[in-house]
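Keep in mind that this is a model prediction, so the values were computed, not measured. In the text below, chain A, chain B and the rest are named by the order of the sequence lines, each starting its count at 1.
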4 protein chains.
Amino acid sequence: MASVNKVILIGHLGKDPEVRHLEGGNSVANFTMATNEYFKDKQGTRVERTEWHNISAWRGLAELAEKYLRKGQQVYVEGRIRTRQYQDKENQTRYITEIVADEISLLGQRPGAAPTTPATADASAVAEAPVTFRQEPELDQLPF
Amino acid sequence: MASVNKVILIGHLGKDPEVRHLEGGNSVANFTMATNEYFKDKQGTRVERTEWHNISAWRGLAELAEKYLRKGQQVYVEGRIRTRQYQDKENQTRYITEIVADEISLLGQRPGAAPTTPATADASAVAEAPVTFRQEPELDQLPF
Amino acid sequence: MASVNKVILIGHLGKDPEVRHLEGGNSVANFTMATNEYFKDKQGTRVERTEWHNISAWRGLAELAEKYLRKGQQVYVEGRIRTRQYQDKENQTRYITEIVADEISLLGQRPGAAPTTPATADASAVAEAPVTFRQEPELDQLPF
Amino acid sequence: MASVNKVILIGHLGKDPEVRHLEGGNSVANFTMATNEYFKDKQGTRVERTEWHNISAWRGLAELAEKYLRKGQQVYVEGRIRTRQYQDKENQTRYITEIVADEISLLGQRPGAAPTTPATADASAVAEAPVTFRQEPELDQLPF
DNA sequence: TTTT
DNA sequence: TTTT
């Protein structure tokens, strides 16, 4: 039956993306991203709560994430929730919930201003780079 | 800093909501909800993958969830991702990711068609009930 | 610069889709879709306000819309806002705002229950039809 | 029946908000906001298309928009589509589609960096200002 | 009328 | 581990 599983996040990267190249030719980039909520506690004090999201970007998006995303950057991520299980060191089943990215946009800065952009020539290349990346859809639905 | 943490789900309830009344007067309803993805595997066979989401609805939304939501119903849920930790039986820290609902709508049927609606008088009351519920915002941000 | 233009609608079709085949081989389906808001007026009376949305679906989505969507059906539409101008009969410039669909899902029923499904053989074909349609992205960005 | 009418925009303001104070005590801020799409035309040339959105923010949001939003700023706007009619100078019925804002967030800059922030004292006040504004919901549904 |  |  028809269903919808959609996530929209705006926040800052907690670390540089880490890219792994899988057997079979697939690649995946993982990074974390923080969103913040504010509320008043029972004493009326303003409290901040940070939520950390695990983002995974596959194939073409992985390469773009590796190339353009850096710790501290503000990004828009659209994707879907996926919980997968794995075995921990004691061989117990554990669960981790991730956001599989379908679209990533760089916000709030010139892409040329990326912290690790090395040199002038590269920087101008980056400055002209697109700042919205979308997953290629035929590839978007491989089993993983 | 400004951030956005938004989830939009359409799917079917996996079970009736379970409501707990907390000390301090708060109440919370928990239920699960399935969304489905379809993709072709490497052999070209159509594969279905079901994702189960843990939904929590607080206070006024909890009462409405208890009253109107039943296993199998199709619902729209808008909310935000929250991961909380707890101690398991071996006293190890575990994490669970939930969707805290801000809005719930009943889809695909008149609410009067709810499976457990008992009697005529009640059913007509239900039939006139609103089918979109929103969290009252001042209450939406208590610490939990 | 990075930007986002996203619309999410759930409502019922006001009429069957009308499909036009354009020179150049493109096709487009147009239909209207209603959403409802409820509020209390100053006298405290509950008032309903219906908003009518103009939806346009292109190419592959147009064909699927023509085949599966019918007046009265409840659908999920994800898309983007587009305002275009045209000349009216008095040759004055007028504007119309439409939602260009990127994804359409049938809600609240089996597709086999579509009102105009003609015969058993077709109905079983429809019953197995996918109920979520997505625009093919390479085609999603032709000028129109 | 349950329905959803949701818009999510990220873009830049085309002009400073204009605030009007209505009889009855309500106020409304109007501004425009641009989003951009890129596609390749039939010759393979990269083309940019700009979409202009009319945003209206009511009551508390109007005041915050007036205070904190300026031409050129990048913002996140969440809201709903509303088409209203009016009579033009020739007394003909015309339609305008607007986005009624429910939430506005400032993106991509320190709020203290607002172009028209006048002086040090004010700037520090702005720097501590919240950067996400939400409509108060009880007020969100007055007839207009 | 924004932004790159 | 981000940002303010």
Across the strands shown, which category fits [X] at heavy-atom distances under 4.0 angstrom: base, sugar-phosphate, nothing?
X       : value
D:Thr35 : nothing
C:Ser3  : nothing
D:Gly11 : nothing

Would you mind telling me which of [options] lies closest to the side-chain atoms of [X]?
X       : options             : result
D:Tyr38 : F:dT2, E:dT4, E:dT1 : E:dT4
A:Thr32 : F:dT4, F:dT1, E:dT4 : F:dT1
A:Lys71 : E:dT3, F:dT1, E:dT1 : F:dT1

Quickly work out the [X] [atom1] to [N] [atom2] distance and round it to whole Å.
X        : N     : atom1 : atom2 : answer
D:Leu107 : F:dT3 : CG    : P     : 16 Å
D:Asn54  : E:dT2 : CG    : P     : 15 Å
D:Arg70  : E:dT2 : CZ    : P     : 16 Å
A:Phe133 : E:dT4 : CZ    : C1'   : 13 Å
A:Ile55  : F:dT1 : CD1   : P     : 18 Å
A:His12  : F:dT3 : NE2   : P     : 7 Å
D:Ile10  : E:dT3 : CD1   : P     : 17 Å
A:Leu106 : F:dT2 : CG    : C1'   : 14 Å

- Item | D:Tyr76-A:Tyr76 aromatic ring centre distance below 6.0 Å |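 Judged by ring-centre distance (under 6.0 Å), D:Tyr76 and A:Tyr76 do not meet the cut-off.
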- Looking only at heavy atoms, which two atoms of C:Ile99 and D:Ile81 are closest? And how far apart?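 Shortest heavy-atom separation between C:Ile99 and D:Ile81 comes out as CD1-CD1, 3.6 Å.
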- Give the minimum heavy-atom separation between B:Ser56 and B:Glu98, together with the two atoms involved.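 The pair with the smallest heavy-atom distance is OG-OE1, 4.4 Å.
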- Verdict with reasoning, B:Glu51 to A:Arg80, per salt bridge (Lys or Arg N to Asp or Glu O under 4.0 Å): CA-CA 10 Å; B:Glu51 186 73 38; A:Arg80 50 193 192 278; over 6 Å; no
- Query: Residues two or more places apart in sequence or in another chain: which of them pass salt bridge (Lys or Arg N to Asp or Glu O under 4.0 Å) with C:Glu103?
  - Reply: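 Salt bridge (Lys or Arg N to Asp or Glu O under 4.0 Å) check on C:Glu103 returns C:Arg134.
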- Query: Quick one: the side chain of A:Thr50 and the base of F:dT2, do they pair up donor-acceptor inside 3.5 Å?
  - Reply: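 A donor-acceptor contact between them is present.
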- Item | Pi stacking test for A:Trp52 and F:dT1: under 5.5 Å apart, planes under 30° |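 Stacking is present between F:dT1 and A:Trp52, given that their ring centres fall under 5.5 Å apart and the planes under 30°.
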